[in-house]
Amino acid sequence: MIKKKICMLGAFAVGKTSLVQQYVHSIFSEKYQTTVGVKIDKKTLSVESGAIDLILWDIHGEDAFQSVRTSYLRGAAGLLIVVDGTRRATLDTAFDLKTRATETVGAVPTILVFNKSDLAADWEITPAELAQVRQKGAVTVETSAKTGSGVEETFEMLVRAMLEHA
Amino acid sequence: MLQDIIVGPQKARIDRLEGRLDDPAVRTEEISHHLAEALVLRSGRDDKIASALEPTIADALKASVQRKPQVLADALFPLMGPGIRKAISATIMGMIQSFNHVLNHSFSWQGVKWRLEALRTRKPFAEVVLLHSLVYQVEQVFLIHHANGLVLNHVVAPTVDTQDPDLVSGMLTAIQDFIKDSFNVEGEAGIDTLRVGNDRSVWVEQGGRTTLAAVIRGTPPMNLRIRLRDVLSRVELKKNDDIANFDGDTTPFAALDDDLNECLRYKIKEEQTRISPWLWLIVILVVGLAGWWGYRSHQANQQWARFVHDLRQAPGIVVTEAKRRGDEIHLSGLRDPLAADPLALLAAAGFDPGRAVGRWESYYALDPDFVLQRARQALDPPAGVDLRLSADTLIIEGTAPHAWIVGARRLGPLVPGIRTLATEALQSAEALELEAVLAQIAKTTILFISGTSEIAPEEAAKLEQTAVRGRRVQEIAAGLDRRVRIAVIGHTDATGEEEFNRALSYQRAEKVWQALLALGVSPRYLAVKGLGASDPLRPENTEEDRERNRRVSFNIIWEPD
Ligand SMILES: Nc1nc2c(ncn2[C@@H]2O[C@H](COP(=O)(O)OP(=O)(O)OP(=O)(O)O)[C@@H](O)[C@H]2O)c(=O)[nH]1
Ligand SMILES: [Mg+2]
C-alpha cells in the first residue's frame, strides 16, 4: 500500500476544510468553523499503479494571531495552497506560505488553488493577475468547495504530479 | 615424433582427465564428495536451490503420504500431539475461567451494570466482563514514520474497536509536533505519554526514524516501556533501509506484524481470577450436602445395625435374614408367637414398617420367660396360685379350686418347654375348707338331759348347725372324691351303772344320728358309737361337770381313698 501525506495550506477561511470535506465526504457547509491545529482525513484513490492512501492534513489558516507551524509540513509529498478569490490578501499569504513550506519540505509538487469560483462575480483577484501568477511557473486551479467544481480534479492532478516527482 | 616428445608426458595426464570426464561412475563419485558443500555455498548466495528442489520434494512427500501415510503420521505425531493437548487444555481452562468470570459478576450490582453495557454495546457479556477485569491492555500499536507521520504498520488486539490508524497516527504526530513547537523541545525528545479520557493512555517511544505508539487501556507496568523500546530498536534494525528510503510504500513493513504483536500485552486483575464467591458457595453447598448425606446414611446404618442387633437379641426371635435394598426392608426368620412384633421393633427404631417385608415361621422358644408365659396362658391360674420354673419343671404353689388343680395337672406337662410339675406346695381350696368344716364339727358337743337320751332343748340350734356343716362336708368330699365319716359318739356322766351308761350313750348317739339324718345328712357320712362314761370331757366334781359330760361328741374318720 502506498501512502502519501498532503498538506492544505492557506490563509484563514479560504476554504481548506471545505475542500477536504467536499473531496472526502462530498459535503459542504456554509457555516464557518475555524480549524484549530490540524485535522487529518484520509481518502483512498485508485491510480494506474494501484490504490493509494492520501493522508490529508488540513492545517489551520494563517492569520494575524497564528502562523502555520512548519513542523506540520514534515514529510508532505504534496501541497495545496488555497487562495480565496474574493480576498486579495489571501494570495499574498499563499506566496508567503509557499516560500516557508519549501524551506521545510523542499520542492514537492504544489498547486495554488483559487477557491470559491462560484462567487466569481465578487472576486477581487482578476483574471489578469491569475495569468501573471501562472506565468511565474506556479500551477494554479480554480475550484468551488461549494459546488464541488474542480475539487476532485485538483487532488488527482496533485497526486499525478507527486507520483511523477517521486 | 616431435609432438610425442613435446606433449608426451602430458598426453597421459590428458587421457586420464578425459577418462574422468567421460566415465559417469567416476563423475558421480567425485560430485558426491562436494555435493553437500556446494549446496551450502549456493544456499548462502540465493534461494535458487530451494526453488529448484521444492516441486520435487513436494511430489516426494505427496507420493510418500499416498503410499505410506503411517510413516508421516508417526513422524508428525510428536509435534502435533502436545500441540493438540495444549490447545484442548487451553480451551478447557478458558472455559472454566470465563465461567468463573461470568459467575463472579452475574449476581453483583456491577454485574447488572455490565449486562446493560453488553446490551448497549452489543458485545457478549463475557467480553464486557473481561474488559472490566483488565489491569491493562495494549489495544493497538502503531509504527509511525517520523518524517511524515504515516503509519508503517499497525496491529490491534482482538475485540478492540479502532479508528482508521492513519488518522490516529496523523493526529498523534500533529499533537507531538504541536507540543514540541509550543514548548521548544529540542531534538528527538518529546512527549512519551498521552492521557486519553479516564483510563486510556498512549505511550510513545521515539526511535531514530520511527515512533512506536501503544494505545493502552488501564494502568500498564513500567517494564512495558522496556518491551516497547526493545521492539522498536529491533524493528528499526531489521528495516533500516526501508525506513530510510520510505516514500509512502508500506509493503515492506507488513512483515513486522509479529514484532508489533509482541507489544499487545495485557493483564487480568488478580481479584478477577480469584474463585467467585458463588463458585465457593456452590462448592460449599455440594460438600455440605454430601457431608449431610454421608452423616445421614452413616446414622441410618448405625440405626439399622442397632435394630438388627436388638432384633437378634429379642427373645423368641431367630433372624435368618435382615437386609435393606434401597428403601425396602426384608426380614425373615423364626418367631415365637409370644415374641415382640418385629414390625413394632422396626417402627420403634425409626424405620417405616410400611416398607418392610417380613416372612416369619412360628416356633416355640425354650426361653424360660416364654415357657412360663406359655404355661400361664395355658393354665390360667386363679389368684393365689404362683407359677415358677426350675429347668423344665413347673412349680405350682398356693391354693386353687380343686377343678383347676385337676386341669393343671393334666395340661401342665403338655405346655412346650415343661416336662414335669411340682405341686407339693399346691393346696386345693375345697380340701382346706373340708378340713376347716370338719374341725368345727369336731369341736362341737351336744348336751343331754340327765339320765335320758333326751337332747337338751337349748342344743337344737347347735344340732341344726352341725347338720348344715355335715351337708357341706358331704358336698365337698363328693367333689374331692374323698371318703370321710363323721363319727357321732355318745357319752354319759359317771353316775349310774356302767352297763346302763353304755346303752344310754349309744342311745344318745343314735338320737343325734337320727336328727342329722332328718336334717339331710347322708348316712354314708355318719357313724354311731357309744362310749359310756369312759371318755369324760372333764373330771366330775360338780353338777356342772356332770352336765358337760352328758354329751354327744363328733370325731372324724378318714377312710382310705
Ligand atoms: N461560496 C463559497 N463559500 C465557500 C467556499 N469554500 C468555503 N466557503 C465558505 O468559507 C468559509 C470558510 O471555509 P473553511 O473551509 O472553514 O475555511 P478554512 O480555510 O478551513 O478556514 P480556517 O480553518 O479557519 O483556516 C465557510 O463559511 C465556508 O462555507 C466556496 O467554494 N464557495
Ligand atoms: Mg479549516
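Side-chain contact check for B:Gln206 and B:Thr211: at least one donor-acceptor pair (N or O, by modelled atom type) lies under 3.5 Å. The closest side-chain donor-acceptor pair between A:Asp58 and A:Thr17 falls under 3.5 angstrom. Between the side chains of A:Thr126 and A:Glu129, at least one donor-acceptor pair of N or O atoms lies under 3.5 Å.
Interface summary for chain A: among B:Thr251, B:Asp166, B:Val151, the most heavy-atom pairs under 4.5 angstrom belong to B:Asp166.
With a 4.5 Å cut-off on non-hydrogen atoms, B:Leu150 touches chain A through its side chain but not through its backbone. For a residue to count as touching a neighbouring chain, one of its non-hydrogen atoms must lie under 4.5 Å from one of that chain's; by this rule B:Val168 does not touch chain A. Only the side chain of B:Asp164 comes within less than 4.5 Å of a heavy atom in chain A; its backbone stays farther off.
Atom CZ of A:Arg87 is surrounded by more than 12 heavy atoms from other residues, nucleotides or ligands within 6.0 Å.
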